[in-house]
Amino acid sequence: MSELVYLGFGASPVGYLEGWDLQRRIHARRIADEIPDSCLLLEHAPVYTAGKRTAASDRPFSDPGAPVVDVDRGGKITWHGPGQLTGYPIIKLREPLDVVAYVRALEEAMILSCAEFGVIAGRVAGRSGAWLLGDDHAPDRKVGAIGARVARGVTMHGFALNADCDLSWFDRIVPCGIRDAGVSTLSAETGRHIKVAEVTPVMERHLAEVLGYRSWRQVSDPDVLAGPTAAPGPAHRAQDDAVPLT
């Protein structure tokens, strides 16, 4: 693979439905080979997204202060918002498709990025994402989550790495349906304020490297990748492989 194109949005929060629509538009064009492999990197306005396996007991019982959107990825409910770097790789996987290897690559990019800020993250058996292992005094804590979808061989949705977000948002749900672990941020673990703007270029570099790209570049105009037409194509009704966000 030669090049990965990053679509960035700066510090302006992106509404979830706006970002989801962009994903669908870019996904359709990637299936048609009209654009190269791409990745949206952004911060969302506060939102809860509920994957296909979300149980009623995982959802907020009262007004959570942010919309709850049911989405077409795997996994359960989570939160996105300011202070969290959310990434949506839209890439055509090689044949034969190995979705597990793709998830491991996303984990590795987050783990390597955490290390550059002095946070030693790793994996927990049976649970995707980037984790800080607990001890006698604290449980395991998730700092990066993954929830993906693959349709027609092209990925959607992706990962979320917590830089300096307000963790109280997670108190209103059962994040990813996991009741015996916590959630943390790079800022909480290091004791210093680590902004998404600091994390973004580090994640760009590591994600491109672990996915095997020789180079990457950035664009700021969504139409460069999404095109002028807002209507999603029929490819998104195709059968897909959903990867849990756990």
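Quick note: residue numbers are just sequence positions, from 1. Side chains are part of it too, since the values below use all heavy atoms of this structure and drop only hydrogens, waters and symmetry mates.
Checked for salt-bridge contact, Asp72 and Arg149 meet the test: a charged N lies under 4.0 Å from a carboxylate O. Taking 4.0 Å as the cut-off between side-chain N and carboxylate O, Lys92 and Asp37 do not count as a salt-bridged pair.
Between Asp70 and the options Arg59, Lys76, Lys52, a salt bridge (charged side-chain N to carboxylate O under 4.0 Å, His left out) holds for only Arg59. Tested against Glu43 for a side-chain contact (heavy atoms from CB on, under 4.5 Å), the candidates Pro82, Cys165, Ser12 yield a single pass: Pro82.
Between the side chain of Ser38 and the main chain of Tyr6, no donor-acceptor pair closer than 3.5 Å is present. For Asp58 (side chain) and Ala55 (main-chain N/O), a donor-acceptor pair under 3.5 Å exists by modelled atom type. Put simply, the side chain of His44 gets close to the backbone of Val14: a donor and an acceptor are under 3.5 Å apart. Without hydrogens or angle criteria, Arg141 side chain to Pro139 main chain gives a donor-acceptor distance under 3.5 Å. Between the side chain of Ser215 and the main chain of Glu3, no donor-acceptor pair closer than 3.5 Å is present. A distance-only check finds a donor-acceptor pair linking the side chain of Thr54 to the backbone of Ile77 [under 3.5 Å]. With Arg25 contributing its side chain and Gly227 its backbone, the two residues share a donor-acceptor pair below 3.5 Å.
Considering every non-hydrogen atom in both Pro36 and Val5, the closest pair reads CG-CG2, 3.6 Å. Contact between Ser187 and Asp164 at its shortest, heavy atoms only, is OG-CB, 3.2 Å. Across all non-hydrogen atoms, the minimal contact from Val199 to Phe117 is CA-CZ, 3.9 Å. Closest non-hydrogen pair, Val143 versus Ala121, comes out as CG1-CB, 4.5 Å. The two atoms that bring Leu41 and Gly87 nearest to each other are CD2-CA, 3.8 Å, heavy atoms only. Of all heavy-atom pairs spanning Val119 and Leu132, the tightest one is CG1-CD2, 3.4 Å.
Between the CD atom of Glu95 and the CG atom of Leu97 there is a distance of 4.5 Å, given to the nearest 0.5 Å. Interatomic distance, CG of Leu225 versus CD1 of Ile90, reported as 8.0 Å (0.5 Å rounding). Remark: Leu186 CG to Leu85 CG distance equals 10.0 Å, nearest 0.5 Å. Note that CZ of Phe159 and CG of Leu106 are 7.0 Å apart. Values are rounded to the nearest 0.5 Å. The CD atom of Gln84 sits 12.0 Å away from atom CG of Asp166, with the distance rounded to the nearest 0.5 Å. Separating the CG atom in Leu7 from the CG atom in Leu42 is a distance of 8.0 Å, to the nearest 0.5 Å.
Proximity of Glu209 to Tyr213: side-chain heavy atoms (C-beta onward) are nowhere separated by under 4.5 Å. For the pair Trp169 and Tyr48, the minimum side-chain heavy-atom distance is below 4.5 Å. The closest side-chain heavy-atom distance from Glu204 to Trp216 is below 4.5 Å. In this structure the side chain of Leu93 never reaches within 4.5 angstrom of the side chain of Asp98, judged on heavy atoms. Counting heavy atoms from C-beta on, the side chains of Ser184 and Asn162 never come closer than 4.5 Å. You'll find the side chain of Leu167 stays beyond 4.5 Å of the side chain of Asp171, heavy atoms only. Under the 4.5 Å side-chain criterion, counting only non-hydrogen atoms from C-beta, Val150 is not in contact with Met156. By the 4.5 Å heavy-atom criterion applied to side chains, Ile120 and Cys114 are not counted as neighbours.
By the criterion of side-chain heavy atoms lying less than 4.5 angstrom apart, applied directly or through intervening Ile, Leu, Val, Met, Phe, Trp or Tyr residues, Val219 is grouped together with Leu40 in one hydrophobic cluster. Under the 4.5 Å side-chain contact rule for hydrophobic residues, Val224 and Ile35 share a cluster. Hydrophobic clustering (ILVMFWY, side-chain heavy atoms < 4.5 Å, transitive): Trp131 and Ile111 are in distinct clusters.
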Trace of the salt bridge (charged side-chain N to carboxylate O under 4.0 Å, His left out) decision for Arg123 with Glu107: CA-CA 8 Å; Arg123 296 178 175 88; Glu107 290 173 343; 2.7 Å; yes
Stepwise side-chain hydrogen bond (donor to acceptor under 3.5 Å, both in side chains) test for Gln23 and His27: CA-CA 6 Å; Gln23 283 192 75; His27 186 268; over 6 Å; no
Step by step, would you call Thr49 with Arg73 a side-chain hydrogen bond (donor to acceptor under 3.5 Å, both in side chains)? CA-CA 9 Å; Thr49 65; Arg73 60 162 171 78; 3.0 Å; yes
In sequence, state the C-alpha distance, the side-chain angles, and the governing distance for His206 and Glu116, and then conclude on side-chain hydrogen bond (donor to acceptor under 3.5 Å, both in side chains). CA-CA 10 Å; His206 286 301; Glu116 292 212 15; 2.7 Å; yes
side-chain contact (heavy atoms from CB on, under 4.5 Å) for Val71 and Tyr16? Distances and angles first, verdict last. CA-CA 10 Å; Val71 295; Tyr16 186 80; 3.3 Å; yes
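Using cut-offs of 30° and 60° for the angle between ring planes, the Phe170 and Trp79 rings count as perpendicular.
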